Amino acid sequence: MSLIVKTVTTIMIGFIFIYGAYIILHGHLTPGGGFAGGVIIAGAFILKILAFGSEAIDEKKSEMGSSIFESVGALLFIGVAIAGLVLAGTFFLNFLPKGIPLHLWSAGIIPFCNIAIGIKVGAGLFSIFLALAAVKYVMTD
Amino acid sequence: MTFIPLFFVLPLAAAFIIPILGKIAKSLIWIFVTLVSFALFVLALYGAAVTQEVPMIVYQMGNWPPPLGIVMAFDSFSAFMTLVISMLVFAGSVFSLRYISHYTGQWKFYTLYMLITAGMMGIVITGDLFNMFVFLEIAAISSYALVAFGVDAEELEASFKYMVMGEVGGLTFLLAIALLYAKTSTLNLADISNSLQLVGHTPFFWLVLGMMLLAFSIKSAFVPFHSWLPDAHPAAPAPISSLLSGIFIKVLGMYTAARIIFNVFGLSRANAPALFNVLVGIGLLSIAFAGVTALSQKDYKRLLGYSSVSQVGYIMLGFGIGNYYGVAGAIFYILAHALAKGLLFLTSGSVVNATGTRDLTKLAGLGEKMSTTAWSFRFGSMSLIGLPPFVGFFAKWLICLGALKAGFGWLAVVAIALSVLTLSYLLKIENSVFMKKGKTQAAKAPFTMRIAMVFLVVLIIVLGIGFQSVIEFIVGPAANALLRGLEYANLVFGSAAVGF
């Protein structure tokens, strides 16, 4: 890609990432949530590869990182659900204080579920992209 | 009753711990998976013990009461299915250690293995229609990936064909759920059952039921929707073939169909004889057609795949007969066929592992070199054919008893006569692989493989000899749970109210 694309991408990636994080953290207040935010975060990483080419990153290392994050996201989600079972006696119980509606700290476990889903979806989508981008690399191997 | 969610939480959590474990300590993965499978087996035994006293345990996810929230409805039929699933999952995971050792990316195999387990466990304990669909897709998508695990051309082709067929079934099921939701405004199985009583037996009622039965027929591979199975099941690694043929098709096709026909739509032979005659017809067609096709197969696992299509016909036959003995026989047959066919596919894995081929014309003289495998095959075959005192005999006997009590004497005779097909295609393997003199190079099966096979052989013999207690404590209550019919809804709401 040209220098213009690369420069703009470098500037934009941070903003896209923060926007994704915002969508995730406000999932229980505004439209969006873990899935939508996760997709946007994955988009930031995918944009980086599109602009700089797959040579710019170490695919093996990235894939390992994203697959670990994917597992961690899923485990966090199950962990939140199990915490309800262990701490309050019912699986998936919303055991945290509900707070004041429409404030950031409200809705009990829902924000934590959103964060877990965000990590899982972001890492998962990025893994899928890496797998597609790495086809050439596997075939020449 | 906090143990109910553990049935799918344990394998689901394990599935996501495995990738992390794979980066740290590869050798621990197999031990971990086997421990989880064993824990599930113990949990299933405990569940079966609990359902002796309580007819229905309703677990409210997040303490939301039934019509609003998702519930897990665990009754004797669910307990029975979890028990059968966990037996095969345990045997398969023990068997996998040496079988999978020459594949790359083993942690992916075990992750998918645990996911497929979580999916199946979820299907049998959920009390929510959409939840059932989600678990069904978890199990189905994992199975597509597992069929393609060897990534050879043959496996990819089989997996693709399986995926297309399977998703046609899955989407038909989804469409039926959407129609049902539009009509009843609920997804809870018990609530749907109550609402459908008000709808009555209208064309809409039969349309939705027909779509669901179409979906389940594809998932459990009844003739004429069977064409994917003889490709997909042989292409998968042997422990997966064993799991897919042994229990997967029954959970996705038979359990769901039986639950929906009997408990949700409230049908029985008394109020819908035509439907039950159709079920008998489908069953007979599958038994006869796939049985005859199996005779001409030259591939060890493909022959067993056709045999599975043929054998699930007996289960459908039992459900179609529709009285207590018929349904109990069908449920017993799920257990009998799961053990026998699971075992036969494990023996095929053992043979493939030792010789590298599954072509019946090339294999010969393994009876002495691999005696454990050969004898496991013989015990599994005898149970599948229906010889006493193995577990398969009593299952078939119950189905025939049901046919006689329902006044279908001819059906009992035909069902027994069609066992000849089973005998002849299994003798074909026995004859060419184990009995015939030949010089196929083969080493003894590894220790863990033999353990897995012997475990299933012991179950086949023990459950066969102790058939009376099996019927009394496990199969009988499961059949009664189905034959309760619409009482299911009251039980779910009643149990939820008293807090079980």
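Given the structure is predicted, the values throughout are model-derived calculations rather than measurements. Note on naming: letters A, B, ... go to the chains in the order of the sequence lines (proteins, then strands), and numbering restarts at 1 for each one.
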* Quick one: of Phe95(A), Phe91(A), Phe92(A), Phe77(A), who has the most non-hydrogen atom pairs under 4.5 Å with chain B? ->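 It is Phe91(A).
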* Asked: Around atom CZ of Phe45(A), are there more than 12 heavy atoms of other residues, nucleotides or ligands at under 6.0 Å?
  ->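 No, the 6.0 Å shell around CZ holds no more than 12 heavy atoms from other groups.
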* Asked: Under 30°, 30 to 60°, or over 60°: which ring-plane class applies to Phe109(B) and Tyr113(B), parallel, tilted or perpendicular?
  ->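 Judged by the thresholds at 30° and 60°, the geometry between Phe109(B) and Tyr113(B) is parallel.
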* Between Phe129(A) and Phe126(A), what is the ring plane arrangement, given parallel below 30°, perpendicular above 60°, and tilted in between? ->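 Ring orientation, 0 to 90° scale: parallel.
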* Residue-level contacts of residues 18-25 of chain B with chain A, using a heavy-atom cutoff under 4.5 Å ->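 Result: Pro19(B), Ile20(B), Lys23(B).
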* To do: Verify whether one side chain among Ser66(A) and Ser127(A) offers a donor that lies under 3.5 Å from an acceptor in the other.
  =>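 Yes, Ser127(A) and Ser66(A) have a side-chain donor paired with an acceptor closer than 3.5 Å.
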* Going by distance alone, is a donor N or O of one side chain under 3.5 Å from an acceptor N or O of the other, for Ser143(B) and Tyr162(B)? ->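 There is such a pair (donor and acceptor under 3.5 Å, judged by atom type) between the side chains of Ser143(B) and Tyr162(B).
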* Asked: Heavy-atom distance under 4.5 Å to chain B: side chain of Ile82(A), backbone, both or neither?
  ->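 Side chain only.
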* Do Asn188(B) side-chain atoms and Asp191(B) backbone N/O form a donor-acceptor pair below 3.5 Å? ->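 A pair under 3.5 Å: yes.
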* Establish, yes or no, whether a centroid distance under 6.0 Å links the rings of Phe32(B) and Tyr110(B). =>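 No, the ring of Phe32(B) stays outside the 6.0 Å limit from the ring of Tyr110(B), centre to centre.
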